[in-house]
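Single-structure report; data block below.
Just the heavy atoms: all of them, side chains too, but no hydrogens, waters or symmetry mates, feed the values below. Computed from a predicted model, the values in this text were never measured in an experiment.
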Amino acid sequence: MKRIAAACSTAAVAGLGAAYGIYHLAFFQTPKLKMPTAEEWADGSRFLPQIRENVEFVDSLPCDSVQITADDGTLLAAQYCHEADDAPTAIIMHGYRATAMRDTMGLIVLCKKLGFNLLMPDQRAHGRSGGHSITMGARERYDARAWAYWASVRSCGKSSIFLMGVSMGAATVLLASGLDLPDNVRGIIADCGYSSIRDICRTCLPKYLPHVPVGPGYAVGKAGAELFAHFDPDTIDCRKAVAHSNVPILFIHGSADDFVPCSMSRENYAACTSEKELLIIPGATHAMCYYYDTPAYAKAVTDFLKKHM
């Protein structure tokens with residue numbers, strides 16, 4: 001019996017260690033303040049000249065630092081660029097382990113040129129925001145809602161608000177679409193968002209842990225998320241959220257996205273019951289739709305915003 005108990009104890013410790021290991025790999029992060037240079041962010045991309053131009057534009061914006069407290073008490077930080085008191089506000093959410101001032105430059109440039117106020121939050125566990133667990137939209141959706149109410153109060157509910165995001169930021173705003181948002185949230189733009197946390201984790205596991213079978217690897221990672229980040233990946237699904245949304249949504253995705261498959265945006269679009277549009281950019285890789293076809297991207301975003309403003 002003692003040997004059995006010892007073996008069970010050893011197995012439990014090993015399982016707990018494995019769960020923490022995957023949690024630490026996938027969901028843990030100490031917020032970082034360093035902003036990538038254009039060259040670092042481009043990472044060899046042929047779009048470096050345009051990226052460099054956008055970096056110079058974004059970094060020159062006159063921004064104020066603002067903070068709010070999330071529903072769970074986490075400190076949330078953002079950069080705010082004011083255009084006019086009666087101007088619409090774009091709340092632009094960045095992706096996984098990224099930053100709005102780089103990840104969403106296309107949306108920032110377009111919205112600034114259209115005369116929007118810009119609110120660019122650091123997602124929890126990123127930048128100047130607090131927390132150490134990335135929950136892939138599970139808690140971030142409530143943060144997006146909190147920022148929407150901050151913007152609504154700031155304009156006394158009179159100015160239009162649009163939620164936008166890229167990658168995990170897109171999933172964040174899609175998940176927020178099913179919540180009780182302020183009445184002046186007029187639309188959502190989701191660029192390369194995934195369909196669910198479960199789906200994207202199972203898609204990415206072979207890339208990060210190629211020698212671990214997907215089924216057992218996901219099960220251990222799910223346990224790590226539940227134990228150490230306190231969320232259940234199986235319960236967070238963008239398709240279910242948009243099925244209850246009454247806010248117009250523009251879905252954007254690149255056909256050659258090998259990180260978040262384009263099929264995920266198609267699934268989200270199919271599930272959406274509110275007014276919706278879908279733009280597929282041929283040949284575009286992950287989070288690069290704006291650069292692969294800037295005219296098509298700019299037209300779709302501009303037309304959507306003007307239509308619902």
Donor on one side chain, acceptor on other, Tyr194 and Asp237, under 3.5 Å: no

Salt bridge (charged side-chain N to carboxylate O under 4.0 Å, His left out) involving Lys299 - partner list, sequence neighbours excluded: Asp303

Identified side-chain contact (heavy atoms from CB on, under 4.5 Å) partner of Pro88 from the options Met309, His308, Arg186: Met309

Pairing of Arg145 and Asp180 as salt bridge, 4.0 angstrom limit: yes

Shared hydrophobic cluster, Leu48 / Tyr290 (ILVMFWY, side-chain heavy atoms < 4.5 Å): no

Donor-acceptor side-chain pairing of Asn184 and Ser160 below 3.5 angstrom: no

Pairwise side-chain contact, Pro206 with Val214, heavy-atom cut-off 4.5 Å (strictly under): yes

Neighbour count >12 (heavy atoms, 6.0 Å) for atom NZ, Lys306: no

Salt bridge (charged side-chain N to carboxylate O under 4.0 Å, His left out) against Asp232, all qualifying residues, sequence neighbours excluded: Lys222

Pairs satisfying salt bridge (Lys or Arg N to Asp or Glu O under 4.0 Å), at least one member in residues 93-111, at least two apart: Asp59-Arg102

Hydrophobic cluster of Leu179, others only, ordered by chain and residue number, side-chain cut-off 4.5 Å: Tyr142

Derivation and outcome, side-chain hydrogen bond (donor to acceptor under 3.5 Å, both in side chains), residues Glu140 and Thr135: CA-CA 7 Å; Glu140 289 85 352; Thr135 68; 2.4 Å; yes

Interatomic distance, Met288 atom CE to Asp293 atom CG [nearest 0.5 angstrom]: 13.0 Å

Residues, nucleotides or ligands: over 12 heavy atoms within 6.0 Å of Glu53 CD: no

His286 and Ser167: side chain donor to acceptor below 3.5 Å: yes

Residue pair Gln50 / Thr294, side-chain donor-acceptor N/O under 3.5 Å: yes

Pairs involving residues 212-232, ordered by first then second residue, that meet ring-ring contact (aromatic ring centres under 6.0 Å, His included) (sequence neighbours left out): Tyr20-Phe228, Tyr23-Phe228, Phe27-Phe231

Interatomic spacing from OG1 in Thr30 to NE2 in His132 - rounded to 0.5 Å: 5.5 Å

Leu181: hydrophobic cluster co-members (side-chain, 4.5 Å): Val66, Ile68, Leu76, Tyr80, Ile91, Met93, Leu119, Trp147, Trp150, Ile161, Leu163, Val173, Leu174, Val185, Ile188, Val242, Val247, Ile249, Phe251, Tyr269, Leu278, Ile280

Exceeds 12 heavy-atom contacts within 6.0 angstrom, atom NE2 of His244: no

Greater than 12 external heavy atoms within 6.0 Å of Asp183's CG: no

Exercise: do Gln79 and Ser65 side chains pair donor with acceptor under 3.5 Å: yes

Atom CZ of Arg128 with >12 non-hydrogen neighbours under 6.0 angstrom: no

Validation row: Met164, Leu305 side chains within 4.5 angstrom (heavy atoms): yes

